[in-house]
Amino acid sequence: MSVTLDPPPPSQPDPPAPPKRRDRTHWLYIGVIVAVVAGVIVGLLAPEVGKSVGILGTMFVDLIKMMIAPVIFCTIVLGIGSVRKAATVGKVGGLAFVYFLAMSTFALAIGLVVGNILHPGSGLNLSDSTAGKGAELAEKAHESGGMLDFVQGIIPETLFSSLTAGSVLQALFVALLVGFALQGMGTAGEPALRAIASLQKLVFKVLVMILWLAPIGAFGAIANVVGQTGWSAVTQLLGLMLGFYITCIIFVFGVLGVILRVVSGVSIFKLVRYLAREYLLIVSTSSSESALPRLIAKMEHLGVDRSTVGVVVPTGYSFNLDGTAIYLTMASLFIAGALGDPLSLGEQIGLLVFMIVASKGAAGVTGAGLATLAGGLQAHRPDLLDGVGLIVGIDRFMSEARALTNFSGNAVATILVGSWTHTIDKGRVDSVLRGDDPFDELTMVDDDHEQTRQTVTA
């Protein structure tokens, strides 16, 4: 008896892979470079024309100011929510949060120290010609009177008016209230947190759209400044960039490197070499978030326990922003020096405390640091707010150093917390960093870590 086998069904062709989205941010780089060069040329050859186009920089700053309140509200609320999630894992989350708070504060302090040594921006003396609207804001700020009037001004008329009145402190106050309220609601607050996470995506999308106007704002701001001061403005901006890059290098290889060697016995140079591809990815995108899934995979391959990596790395992307912290303080001192009204010691300390809170969550999108900088100045010295336009032309080029420093800080933090909680295989760490067990690119699937990233990253 013969048996007839049915022919196998024809194989279905594999569905075409979705086209990869092309990264067009390099065009923004080119646009900003061209705009800065054009602004310098116009400012040198036609100073009066350069002064007249300064309104373009002011308009761009106004657009950034428009985004301050929603950016701070979303990042603070979601940041407090991520602390609640991190705390559920006990010792790892607690140690990570304490370390993040201490190191971010230390980075802010380093930025202040270096800024006070270098005195960036001093000598430009732009106070008479650029105060403008900032002076009006300062006058309004001083009309409030004493300390009790100042505290009373933090309380908004309504819950939602804090997001529309233009007061950063009111937005920060309401964000803290909402964040802790959602934290107390537990699982019942998850729908609201997801809604705010969606709102944050919308806010950052609008912010990214605004940043595409950066070349126009940079041209107006640079042409205006160079038209007033000549070549000295260019040298001051280059000096700020150089000082910032050197400070970040010293922080990574000096401060973080020493701590890593003392606590875990790991060389920062070997760790940097191990993460070389991630550094190249960050340079090409100007955002440390682009390398988040790869950092998670590589830290697990290095020998850190998966549960520790899953808490420390994503949470660090909201709370361990060392590069952003250094940038915020140095840029603030530069603006104050350029406008001829340096920050007093008390104002610097107050600004540091504000930045400790407001900088959380500024790592996800290029440009959020610029909005946070504007928010800090508006809260403490509104007369300096228009000076943010001075930074627009070079902010894009400082973003790589911010992102690289943030990324390095989170990689180091993962190893440190693993060492403190004994959730790291020291023998495997040495083997991997020696090159005996290289990382296999085929084993890493970004989607495996996507859920973790979405739940805890601001």
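Quantities reported herein were computed from a predicted structural model and do not represent experimental measurements. Residue numbers count from 1 along this sequence. Side chains included, hydrogens not; waters and symmetry mates left out as well; all remaining heavy atoms used.
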Are any side-chain N or O atoms of Tyr274 and backbone N or O atoms of Lys298, one a donor and one an acceptor, separated by less than 3.5 Å? yes
For Thr308, which residues count as a side chain to side chain donor-acceptor pair (under 3.5 Å) partner, sequence neighbours excluded? Thr423
Tell me, please, which residues at least two apart from Lys270 pass side chain to side chain donor-acceptor pair (under 3.5 Å). none
How long is the straight-line distance from CG of Leu182 back to CD1 of Ile196, given to the nearest 0.5 Å? 5.0 Å
Should Val312 and Asn410 count as side-chain neighbours, where that means a heavy-atom distance under 4.5 Å? no
Heavy-atom side-chain contact between Pro156 and Val174 under 4.5 Å: yes
In terms of side-chain geometry, is the basic nitrogen of Asp430 or Arg434 positioned less than 4.0 Å from the acidic oxygen of its partner? no
Ser419 OG to Leu95 CG distance, which is reported to the nearest 0.5 Å: 11.5 Å
Qualifying residues under side chain to side chain donor-acceptor pair (under 3.5 Å), relative to Asp425, sequence neighbours excluded: none
Point-to-point distance, once rounded to the nearest 0.5 Å, from CD1 of Ile110 to CD1 of Ile250: 9.0 Å
Determine the minimum heavy-atom distance between Leu256 and Gly409, stating which atoms define it. CD1-CA, 3.8 Å
Distance col, row Leu271:CG vs Thr414:OG1, nearest 0.5 angstrom, shows 9.5 Å
With under 30° as parallel and over 60° as perpendicular, where do the rings of Phe251 and Phe106 fit, or are they tilted in between? tilted
Flag side-chain contact, heavy atom, 4.5 Å: Phe73 against Gln200: no
Cut-off 3.5 Å, side chains only: do Tyr279 and Ser408 have a donor facing an acceptor? yes
Side chains of Cys248 and Leu404, heavy atoms from C-beta outward: is any pair under 4.5 Å? no
Of all heavy-atom pairs between Gly111 and Thr329, which one has the smallest distance, and what is that distance? CA-OG1, 3.1 Å
What pairs with Arg428 under side chain to side chain donor-acceptor pair (under 3.5 Å), at least two apart in sequence or on another chain? His301, Asp437
Arg402 side chain to Ala325 backbone, donor-acceptor under 3.5 Å: no
Does the side chain of Leu108 reach to within under 4.5 Å of the side chain of Ile326, using non-hydrogen atoms? no
With a 4.5 Å heavy-atom cut-off, do Met330 and Val114 have their side chains touching? yes
Side-chain contact test, heavy atoms from C-beta onward, threshold under 4.5 Å: evaluate it for Val429 versus Ile424 and give yes or no. yes
If you look at every heavy atom in Ile296 and Val309, which pair is closest and at what distance? O-CG1, 3.6 Å
Side chain to side chain contact (heavy atoms under 4.5 Å, CB included) against Leu56, all qualifying residues, sequence neighbours excluded: Val53, Ile216, Phe219
Among Ile259, Ile268, Val417, Val255, find the one that has a side-chain contact (heavy atoms from CB on, under 4.5 Å) with Val412. Ile268
Interatomic spacing from CG in Leu112 to CD1 in Ile117 - rounded to 0.5 Å: 11.0 Å
Are side-chain heavy atoms of Ser264 and Leu416 found at a separation under 4.5 Å? yes
Say you draw a straight line from OH of Tyr327 to CZ of Phe334; how long is it, rounded to the nearest 0.5 Å? 11.0 Å
Stepwise side-chain contact (heavy atoms from CB on, under 4.5 Å) test for Leu242 and Leu238: CA-CA 6 Å; Leu242 181 61; Leu238 292 176; over 6 Å; no
Please name all residues satisfying side chain to side chain contact (heavy atoms under 4.5 Å, CB included) with Met59, sequence neighbours left out, ordered by chain then number. Ile55
Work out which heavy atom in Ala107 is nearest to a heavy atom in Asp322; give both atom names and the distance. CB-O, 3.6 Å
